[in-house]
Amino acid sequence: MNDENPPIAHRKWLDNGICVDEPLYTCPNDKGKIPGHLNMVRYYAGQLIKELPASLRGAWLYWVEAAALWHDLGKFSLEFQKYIKDKQISPHSTETVELNGGKKVDHSTAGAKHASTYWGTSKASYGDMLAYIIAGHHAGLPNGPDLFFERFHKKIPDWESYAPADLYSFTEPSPPRLWHEKSHTPDRNLGFAVAMQIRMLFSFLTDSDFLGTEHFMCQEKRDMRPSWPQNILAQMSLRLEAHLGNMESARNLTPIQRLRREIHHQCLSRAQVPQGIYQLNVPTGGGKTLSSLSFALAHAQHCHMSRVIYVIPFTSIIDQTAKTFREIMAPLDEKFGMECVLEHHSNLAADKDTERVRLMSENWDAPLIVTTSVQFLNLCFPTSHPFVESCTTLPIPSLFLMRLKTFLHTYWPHAWKP
């Protein structure tokens with residue numbers, strides 16, 4: 001790597017016409033004011049990993065750091081550097097970019113091939129899992145034949161001559177496995193589980209790559225993203241319990257109101273059960289909405305979670321549910337200057353679809369998310385979604401995939417089979 005003219009990842013032009021470059025990678029002893037893009041992607045990936053259970057965090061961090069540092073190895077090539085330094089480039093560029101002569105420069109296949117080779121063994125090619133997500137971190141997960149039998153066999157620009165060796169060989173060739181002993185059951189659908197692991201790795205990489213790019217290219221958006229206190233769920237739980245307490249302490253409660261109070265307290269008393277799948281069978285009018293939220297907020301705190309996702313099957317009732325939650329949490333919204341209840345679905349009213357809401361929806365950056373079953377399940381299979389197919393660098397909320405992956409590994413096959 002040339003220290004006098006280091007490779008860059010992005011270039012932006014300020015309003016005064018001055019050009020500012022973001023280094024592609026900065027070594028640990030580099031004291032430059034602008035950190036490298038690969039460094040920032042690694043940082044944001046590490047922040048996302050903190051959402052995982054402690055027992056899984058170490059192995060997943062190992063994989064995700066490799067994806068973060070290797071995903072743009074192809075940008076070290078002279079061909080890519082010539083293009084990016086000759087012309088302003090959008091942070092949402094596609095898989096390849098074109099030189100003035102029309103020749104395409106592929107910057108994602110390099111990292112994919114390196115991962116497949118470096119983490120390939122005689123028994124299992126773990127690197128192939130990383131290859132999928134690195135090769136598709138802009139355009140979406142590729143088809144296996146297209147990746148391994150076409151892209152891997154085409155000639156790509158030399159990048160190894162210009163990349164620091166400690167960057168692409170920073171880790172051991174044998175990665176830790178991404179599952180624990182509870183997942184080893186005879187009935188487990190390993191094919192489906194591995195596919196979900198690939199999608200989760202893809203989510204980690206696209207999220208952190210998008211946030212890392214935004215960190216340099218658009219500080220205004222970066223500063224608009226919310227930051228919640230660690231005890232936000234506790235504060236929300238106190239607000240909800242105060243609201244329910246006022247309702248339940250009224251004089252001359254009707255029989256229905258007394259039953260609602262009993263249901264609420266039964267739900268709250270069960271909040272410290274182990275993580276699992278639970279049912280609340282209550283007829284219409286029994287207060288399921290707030291009683292289930294009471295359980296969820298308390299249970300999330302007990303299990304050291306940071307968010308509650310409230311999934312509703314029909315858009316016809318989601319507006320009323322979200323409105324109820326907002327009214328209860330209104331004092332907290334005023335306290336923090338932003339809504340702690342995020343409504344995310346296809347029928348969102350125009351007055352609620354603000355820039356901040358759109359940013360919060362990208363990563364579900366809210367302590368309470370109210371969404372639909374369709375929106376929720378679409379996150380499992382992002383590349384099959386028509387909207388995703390029309391976009392590049394679209395961040396897929398990692399939180400859902402984290403929780404689903406934990407569910408698959410902990411409770412499979414007892415709770416759900418595809």
Side-chain angles (χ1 to χ4, degrees), residues 44 47-54 57 211 222-250 260-261 263-276 278 280 287-312 318-345 348 352 354-371 376 397-400 402-403 406:
Y44 280 110
Q47 296 302 302
L48 295 174
I49 285 292
K50 292 180 180 179
E51 297 281 357
L52 283 174
R57 204 173 296 153
L211 293 171
R222 180 192 69 190
D223 295 339
M224 283 183 65
R225 294 190 181 275
S227 177
W228 301 99
Q230 289 187 346
N231 69 339
I232 181 60
L233 292 185
Q235 295 188 50
M236 295 177 71
S237 183
L238 286 174
R239 281 295 313 156
L240 177 60
E241 297 310 318
H243 173 81
L244 290 171
N246 289 334
M247 294 173 58
E248 296 165 358
S249 62
R260 287 176 179 170
R261 180 177 60 187
I263 291 168
H264 162 225
H265 286 284
Q266 284 187 11
C267 289
L268 190 59
S269 67
R270 296 283 295 172
Q272 295 190 1
V273 295
Q275 281 183 265
Y278 301 96
L280 176 60
K288 294 187 299 295
T289 300
L290 295 184
S291 293
S292 60
L293 182 61
S294 176
F295 167 85
L297 289 172
H299 184 65
Q301 294 175 72
H302 174 67
C303 298
H304 307 290
M305 297 179 180
S306 58
R307 294 170 180 84
V308 170
I309 305 171
Y310 205 99
V311 182
I312 299 173
I318 195 171
D319 288 337
Q320 182 59 43
T321 301
K323 180 181 178 181
T324 301
F325 292 166
R326 285 197 187 95
E327 290 174 351
I328 297 172
M329 303 302 169
L332 294 180
D333 296 346
E334 184 177 353
K335 176 181 178 180
F336 296 113
M338 52 190 166
E339 291 187 349
C340 51
V341 178
L342 173 64
E343 191 176 348
H344 187 201
H345 54 87
L348 190 64
K352 299 175 185 176
T354 63
E355 179 65 20
R356 183 182 290 277
V357 167
R358 286 192 289 271
L359 287 174
M360 293 171 68
S361 297
E362 288 179 354
N363 291 303
W364 281 358
D365 284 333
L368 176 56
I369 299 98
V370 183
T371 189
F376 185 76
S398 292
L399 176 73
F400 167 68
M402 292 177 192
R403 298 300 180 225
T406 304

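Because the structure is a prediction, the values reported are computed rather than measured.
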Novice: List the steps and the verdict of side chain to side chain contact (heavy atoms under 4.5 Å, CB included) for F336 and I232.
Specialist: CA-CA 10 Å; F336 296 113; I232 181 60; 3.6 Å; yes

Novice: Take L240 and M329 through the side chain to side chain contact (heavy atoms under 4.5 Å, CB included) test and state the conclusion after the steps.
Specialist: CA-CA 8 Å; L240 177 60; M329 303 302 169; 4.2 Å; yes

Novice: Measure across M338 and P226 and return the closest heavy-atom pair with its distance rounded to 0.1 Å.
Specialist: SD-CB, 3.3 Å

Novice: Mind listing the closest non-hydrogen atom pair of F376 and V311 along with its distance?
Specialist: CD1-CG2, 3.7 Å

Novice: Show the nearest heavy-atom pair for residues L368 and F325, with the distance to one decimal.
Specialist: CD2-CD1, 3.7 Å

Novice: Rounded to the nearest 0.5 Å, how far does OG of S269 lie from CZ of F295?
Specialist: 9.5 Å

Novice: Write down the atom of M224, the atom of L359, and the distance for their closest heavy-atom approach.
Specialist: CB-CD1, 3.7 Å

Novice: Report yes if some heavy atom in the side chain of S361 is under 4.5 Å from a heavy atom in the side chain of L342; otherwise report no.
Specialist: yes

Novice: For a quick test of reading the model, state the closest non-hydrogen atom pair linking V341 to A322 and the distance between them.
Specialist: CG1-O, 4.5 Å

Novice: Counting only N and O atoms by type, is there a donor-acceptor contact under 3.5 Å from the side chain of R239 to the main-chain atoms of P331?
Specialist: no

Novice: Which value, rounded to the nearest 0.5 Å, describes the distance between R57 atom CZ and I49 atom CD1?
Specialist: 9.0 Å

Novice: Examine distances only and state if a side-chain atom of T324 and a backbone atom of Q320 form a donor-acceptor pair shorter than 3.5 Å.
Specialist: yes

Novice: After noting the C-alpha distance and the side-chain angles of E339 and M360, does the key distance pass the side chain to side chain contact (heavy atoms under 4.5 Å, CB included) rule?
Specialist: CA-CA 10 Å; E339 291 187 349; M360 293 171 68; 5.7 Å; no

Novice: Can you check whether D365's main-chain N or O pairs, donor with acceptor, with W228's side chain at less than 3.5 Å?
Specialist: yes

Novice: Answer yes or no: is there a side-chain heavy-atom contact under 4.5 Å between K335 and Q235?
Specialist: yes

Novice: On the 0 to 90° scale, with breaks at 30° and 60°, tag the H299-H302 ring pair as parallel, tilted or perpendicular.
Specialist: tilted

Novice: Kindly indicate whether the side chain of S291, heavy atoms from C-beta on, has any atom under 4.5 Å from the side chain of R260.
Specialist: no

Novice: Hey, does L268 have a side-chain heavy atom less than 4.5 Å from the side chain of L244?
Specialist: no

Novice: Is there side-chain contact between N363 and R225, with at least one heavy-atom pair below 4.5 Å?
Specialist: yes

Novice: Is there a side chain to side chain contact (heavy atoms under 4.5 Å, CB included) between R307 and E51? Walk through the geometry before answering.
Specialist: CA-CA 10 Å; R307 294 170 180 84; E51 297 281 357; 2.7 Å; yes

Novice: Distance check, rounded to the nearest 0.5 Å: L293 atom CG versus H264 atom NE2?
Specialist: 9.5 Å

Novice: Sort out for me which residue in H265, H243, R261 forms a side-chain hydrogen bond (donor to acceptor under 3.5 Å, both in side chains) with E248.
Specialist: H265

Novice: Which heavy atom in I309 sits nearest to a heavy atom in W364, and how many Å separate them?
Specialist: CD1-CZ3, 3.6 Å

Novice: With a 4.5 Å limit on heavy-atom distance, are the side chains of S306 and L233 in contact?
Specialist: no

Novice: With a 3.5 Å distance limit and no angle check, can you tell me whether E334 reaches the backbone of A330 through a side-chain donor-acceptor pair?
Specialist: no

Novice: About how many Å separate CG of L238 and CG of L297, when rounded to the nearest 0.5 Å?
Specialist: 10.0 Å

Novice: Within the structure provided, determine whether C340 and P367 are in side-chain contact (heavy-atom separation under 4.5 Å).
Specialist: yes

Novice: Among T371, T289, T321, D319, exactly one meets side-chain contact (heavy atoms from CB on, under 4.5 Å) together with I312. Which residue is that?
Specialist: T321

Novice: Donor-acceptor pair, distance only, cut-off 3.5 Å: does the side chain of S249 make one with the backbone of N246?
Specialist: yes

Novice: Does the side chain of L332 reach to within under 4.5 Å of the side chain of M236, using non-hydrogen atoms?
Specialist: yes

Novice: In Å and rounded to the nearest 0.5 Å, what is the CD to CD distance from Q301 to Q272?
Specialist: 10.0 Å

